[in-house]
**Student:** 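First the structure, which I've put down as structure tokens, then a few questions once you've had a look.
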Amino acid sequence: MSPELDGWTLVIGPWCDPCDDETSDEMLRLCVDLSSRYGQAQAYYYGMQGDGSAWLIAEEGAVVRRYCETGVPDEDALFTLGQPLPLERSRRGELGLSPIWDESTRGSEAEDEWKWCGHEMAPEIAVTLGISPRGLTPQTPVCGTGLLAHTRRIH
């Protein structure tokens, strides 16, 4: 766990993936619980080697959005909750696609461009809604001390 960074505490590790088969339910519950206490909680996955992106946004004790784009359409569709975020809608509009879509259009040729865009969006969503570890600089306000937690081993 990081110290407070520009008002946010980051918890980083593989178990934070909001769309992992083994931990997704736990991550969903955790984000909902934390958001009921602190107003917002978010979880992200970003595969820097083209593995895709996923995001889970909870506010005031409720899931606002969970979405993943990892190239496994049937599995990705199972994790989708909530309506597209403003950034998702905007990006789809830039691509000439309807800002609202459903999973039945996932295999269409027009949606292929969105799939590749979605593969890269987690860091951008994080910055838009809060903070991203990739955007930290020496000028990022820091308060407190980080902690190292030993969690159960996965995989």
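Values reported hereafter were calculated over all heavy atoms of this structure, with side chains retained and with hydrogens, waters and symmetry mates removed.
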**Student:** Does one hydrophobic cluster hold both V127 and L85, with members joined at side-chain heavy-atom distances below 4.5 Å?
**Tutor:**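 No: no chain of side-chain contacts under 4.5 Å links V127 to L85.
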**Student:** For a quick test of reading the model, state the closest non-hydrogen atom pair linking L34 to A41 and the distance between them.
**Tutor:**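 Shortest heavy-atom separation between L34 and A41 comes out as CB-CB, 3.8 Å.
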**Student:** With rounding to the nearest 0.5 angstrom, report the CD1 to CG distance, I125 to L87.
**Tutor:**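 Taking CD1 in I125 and CG in L87, the distance rounds to 4.5 Å.
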**Student:** Determine the minimum heavy-atom distance between P3 and V142, stating which atoms define it.
**Tutor:**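 So the two residues come closest at CG-CG1, 3.7 Å.
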**Student:** Quick one: do R91 and E94 make a salt bridge, cutoff under 4.0 Å?
**Tutor:**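 Yes, charged N to carboxylate O under 4.0 Å.
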**Student:** At what distance, to the nearest 0.5 angstrom, does CD of E22 lie from CG of D17?
**Tutor:**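 Going from the CD atom of E22 to the CG atom of D17 covers 10.5 Å.
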**Student:** Let me confirm one number: the CG-CG distance from D33 to L28, rounded to the nearest 0.5 Å.
**Tutor:**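 Reported to 0.5 Å precision, the distance equals 9.5 Å.
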**Student:** State, to 0.1 Å, how close P133 and L10 come at their nearest heavy-atom pair, and which atoms those are.
**Tutor:**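 Answer, listing the atom of P133 first, then L10: CG-CD1, 4.2 Å.
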**Student:** I want to check something: taking the side chain as every heavy atom from C-beta on, are C117 and L95 in contact at a cut-off of under 4.5 Å?
**Tutor:**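 When only atoms from C-beta onward are counted, L95 and C117 do touch, with a gap below 4.5 Å.
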**Student:** Is L136 close to I131 at the side-chain level, that is, under 4.5 Å between some pair of heavy atoms?
**Tutor:**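 Side-chain contact under 4.5 Å: yes.
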**Student:** Shortest non-hydrogen contact from P18 to L56?
**Tutor:**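 Distance-wise, the nearest heavy atoms are CB-CB, 3.5 Å.
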**Student:** Does any N or O in the side chain of R66 come within less than 3.5 Å of the main-chain N or O of F79, such that one atom is a donor and the other an acceptor?
**Tutor:**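 Between the backbone of F79 and the side chain of R66 there is a qualifying donor-acceptor contact (under 3.5 Å).
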**Student:** In this structure, which one of Q83, E59, E88 forms a side chain to side chain donor-acceptor pair (under 3.5 Å) with R65?
**Tutor:**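 Exactly one option meets the side chain to side chain donor-acceptor pair (under 3.5 Å) with R65, and it is E88.
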**Student:** Without swapping roles, check the side chain of S35 against the backbone of C31 for a donor-acceptor pair under 3.5 Å.
**Tutor:**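 Yes: the side chain of S35 pairs with the backbone of C31.
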**Student:** Which atoms form the tightest heavy-atom contact between H119 and S53, and what is the distance?
**Tutor:**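 Closest heavy-atom pair between H119 and S53: O-OG, 2.8 Å.
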**Student:** Side chain to side chain donor-acceptor pair (under 3.5 Å) with E60: which residues, sequence neighbours excluded?
**Tutor:**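 Residues passing side chain to side chain donor-acceptor pair (under 3.5 Å) with E60: none at all.
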**Student:** Are V32 and L81 linked, directly or through intermediate hydrophobic residues, by side-chain heavy-atom contacts shorter than 4.5 Å (ILVMFWY only)?
**Tutor:**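 Yes, L81 connects to V32 through the hydrophobic network.
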**Student:** Could you list all the ring-ring contact (aromatic ring centres under 6.0 Å, His included) pairs where at least one residue sits in residues 17-64, not counting sequence neighbours?
**Tutor:**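 Passing the test, one end in residues 17-64: W55-Y67.
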**Student:** Quick one: OG1 on T137 to CG on L5, what's the gap to the nearest 0.5 Å?
**Tutor:**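 One finds 10.5 Å between OG1 of T137 and CG of L5.
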**Student:** Nearest 0.5 Å please: distance from the CG atom of L129 over to the CD atom of E124.
**Tutor:**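 It is 10.5 Å, given to the nearest 0.5 Å.
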